[in-house]
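Values reported hereafter were calculated over all heavy atoms of this structure, with side chains retained and with hydrogens, waters and symmetry mates removed. Bear in mind that the values here come from a model prediction, so they are computed numbers and not experimental data. Proteins come first, then strands; the chains are lettered A, B, ... in the order of their sequence lines, and each starts at number 1.
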Amino acid sequence: MAQISLTFPDGNSKQVEAGITPAEVAAGISNSLAKKAISATVNGRHYDLQWPITEDATIAIHTMKDEAEALELIRHDAAHIMARAVQEIWPDVKVTIGPVIENGWYYDFDREEPFTPEDLGLIEAKMKEIINRRDPVTTEVWDRDRAIKFYEANNEPYKVELVEAIPEGEPIRMYWHGHWQDLCRGPHLQHTGQVPADAFKLMKVAGAYWRGDSNNPMLQRIYGVGFLNRDGLKKYLNFLEEAEKRDHRRLGREMDLFHLQEEAPGQIFWHPNGWRIYTTLQDYMRRQQEKGGYVEVNTPQVIDRKLWEQSGHWEKYQDNMFIVEVDEEHAREKTVNALKPMNCPGHVQIFNQGLKSYRDLPLRIAEFGSCNRYEPSGALHGIMRVRGFVQDDAHIFCTEEQIESETKKFIDFLAKIYADLGFDDWTVKFSDRPDKRAGSDAVWDKAEHALAQATEHAGYEFTVNPGEGAFYGPKLEFVLTDAIGRDWQLGTLQVDFVLPERLDANYIGEDGAKHRPVMLHRATLGSFERFIGILIEEHAGKLPFWIAPRQVVVASIVSDADDYVLEVVEALKAAGVRAEADIRNEKINYKVREHSVGKVPVILAIGMKEVAERTVSLRRLGDKHTKVVALDEIVADLAAEALPPDLR
RNA sequence: GCCGCAGUAGCUCAGUGGUAGAGCGCACCCUUGGUAAGGGUGAGGUCGGGAGUUCAAUCCUCCCCUGCGGCACCA
């Protein structure tokens, strides 16, 4: 047998026979390591203890102390144990796939009756039983025919499909947890008892399409979360509870910002408090756009289908459009219009008015564009995914050569704004050419290169979404996360070679000939609605002072102080601070609690002492202590604090 | 759109085959209280909408709407 050399993390190496397994390596080191081992990293690859090593390698043996590997294995084995539990309880259920995801795993099943919440309890109990059996986990590589025959015989059609889909040359690996068997690329733990029985929980059942395709049958997916120990699980459940308190839908109610009702699904009724956030943000954006070299426009809401046909929306986007038919009396034909779902065609109409010269480029046309999209009912989510929203939209008409510099300029623009608004943690996704696309490969090469270059030059890394670009061009997505870690696309930048063509936009070049401009679709906040949702969750309702809808409440402690309270409010308002008086017949404790729950950043309490001294007692949201400050001083301080970051 | 779950007072929720309750909030009264809920009294509901079963439906059945969690979608 050939010899190979294994190199350990401490730098020592050892000659061993080829085909040795990490389990044998561990056993050669010590009995206790052999017992505690869960997996290995061999030449950088996460490796099952049972897989043979056939070439020179670096090797590290993992135990439960290696958190990343341990969690992956625990979750992966738990997924299998869950599937086994389900089949032990309901033998007719067909199994499909069950990967590890963030915090846990899921497994998709095909079963006639739905799983109920009570079923989850049964499955959990069965899983604990399986864990306690400490069944050994073993593995073998099979050839394709054997695997297919096996699954056909066992009436597991989804597994047959999965085996068939494994590319030639890749091993078809089987795993056994005791007698129960599953197709799996591994690695896995040594035995089921290595999964902590008190550190996992089945969370929910949901529908999911087989292979993620809505043309396929819907399966039932069970989600579980799993951790190294009970404490990890407790922490996670606690996090979920805390996240619930940050939910913008809950805070929207508590802070009296907005509501939705069933007569207008996916559309927002903004209350005075919420609308102040909205307009404050819009005023701020308007100033930024002016500084950034944009011109602001406004375009019609209801537009004849002819324009949508020309732009391609009628063909590609009609399912998502609100169609408005107008049946005029005496009209020979009724007109068919659509509420605009996007602003781009309108902006091209403005670009097309009059002849444009290359000297006009880049022309940056901005609009707080009110859009309506008929989003699928299941997609609606609070104010984050709605059917009526306003984009801080703009279209930059430029030459191909200007794509890179305009992209860089936009990313800098966006980064500054996100920073002003308190976001440091956002990511960039880059979506490149899809299979179905318009435009030549040469043009795509140029556009993708320009976008990627500009992003790097602006100092940002990005992840690539292969094939996820729009049919008309590649795009950048600027992504933020909500309270429970779900990603939301806010800003975007998309290169478009197609729409200028379809709507016949052109400019006169230096050479005196007509040329086609490129359009960059871009939005910074994305939509005000989604952005405000994210903003609320990011700050858990404690918005920065300048955005807070109610910045200051001045509360009387005794009614004899009321006149002075009103005077303080007037002084603050005159200085540009959003202040309200609370002279209700309530105790100061009550008022402080109520306005704290309402997330008012500053409470000024006024008793007779403050009246006499012309001071206020200042209390900041979240602080326990208070501070007495002279009236003039606090007015000046809060006025300065109320200024938006760009006006300071 | 698909799968599952839910919809009772402004909010959070309990409840029943014989047309309904709590806490908070709201109104009024008492209380003038020094930094996260002072006390009393009272008003407030077509039990999401429609149909069916029944002597009788908020409760059982069916359809629809909306919301929630996923999936799919997301120019």
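With sequence neighbours excluded, no residue forms a salt bridge (charged side-chain N to carboxylate O under 4.0 Å, His left out) with A:R246. Residues that satisfy the salt bridge (charged side-chain N to carboxylate O under 4.0 Å, His left out) test with A:R385, not counting sequence neighbours, are A:E375. For A:D441, the side-chain hydrogen bond (donor to acceptor under 3.5 Å, both in side chains) partners two or more places apart in sequence, or in a different chain, are A:R437. Not counting sequence neighbours, the partners of A:N238 by the side chain to side chain contact (heavy atoms under 4.5 Å, CB included) test are A:E241.
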So which protein N/O to nucleotides 42-47 of chain B N/O distances come out below 3.5 Å?
none

Between the protein and nucleotides 25-28 of chain B, list every N/O to N/O distance that falls short of 3.5 Å.
from  : atom 1 : to     : atom 2 : distance (Å)
B:G25 : OP1    : A:Y590 : OH     : 3.2

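Test A:F528, A:F389, A:F258 against A:W270 for ring-ring contact (aromatic ring centres under 6.0 Å, His included) and you get one pass: A:F258.
Comparing B:G33, B:A36, B:U66 against the side chain of A:I557 picks out B:G33 as the nearest. Here the side chain of A:R253 is nearest to one of B:C11, B:C71, B:G33, namely B:C11. For A:K587, whose side chain is taken as the heavy atoms from C-beta onward, the closest listed nucleotide among B:G33, B:C68, B:G48 is B:G33.
RNA chain B contains the following stems of three or more consecutive Watson-Crick or G-U pairs, with both distances under 3.5 Å: B:1-7 with B:65-71, B:10-13 with B:21-24, B:26-30 with B:38-42, B:48-52 with B:60-64.
For the contact set between residues 374-387 of chain A and RNA chain B, defined by any heavy atom under 4.0 Å, the members are A:P376, A:S377, A:G378, A:A379, A:L380, A:H381, A:G382, A:R385. Listed by residue number, A:K475, A:R486 are the residues of residues 475-490 of chain A with a heavy-atom contact under 4.0 Å to RNA chain B. For the segment residues 212-223 of chain A, the set of residues with a heavy atom within less than 4.0 Å of an atom of RNA chain B comprises A:G212, A:S214, A:M218, A:R221, A:Y223, in numerical order.
Comparing A:E468 and A:A208 by the nucleotide of RNA chain B whose heavy atom lies nearest to each, the residue mapping closer to the 5' end is A:A208.
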Using a 3.5 Å cut-off and no angle test, enumerate the donor-acceptor pairs between side-chain atoms of residues 560-567 of chain A and protein atoms at least two apart in sequence or in another chain.
from   : atom 1 : to     : atom 2 : distance (Å)
A:D562 : OD1    : A:S556 : OG     : 3.3
A:Y564 : OH     : A:T615 : N      : 3.2
A:Y564 : OH     : A:T615 : O      : 3.0
A:E567 : OE2    : A:R614 : NH1    : 3.3
A:E567 : OE2    : A:R614 : NH2    : 2.5

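Within the 4.0 Å cut-off from OP1 or OP2 of B:A37, not a single side-chain nitrogen or oxygen of A:N589 is found. Residue A:R373 places none of its side-chain N or O atoms closer than 4.0 Å to OP1 or OP2 of B:C73.
For residues 480-503 of chain A, the pairs satisfying ring-ring contact (aromatic ring centres under 6.0 Å, His included) are A:H381-A:W488, with sequence neighbours left out.
Remark: A:D393 does not engage A:R522 in a salt bridge, criterion side-chain N to carboxylate O under 4.0 Å.
Taking the P atom of each, B:G50 and B:G40 are spaced 40 Å apart, rounded to whole Å.
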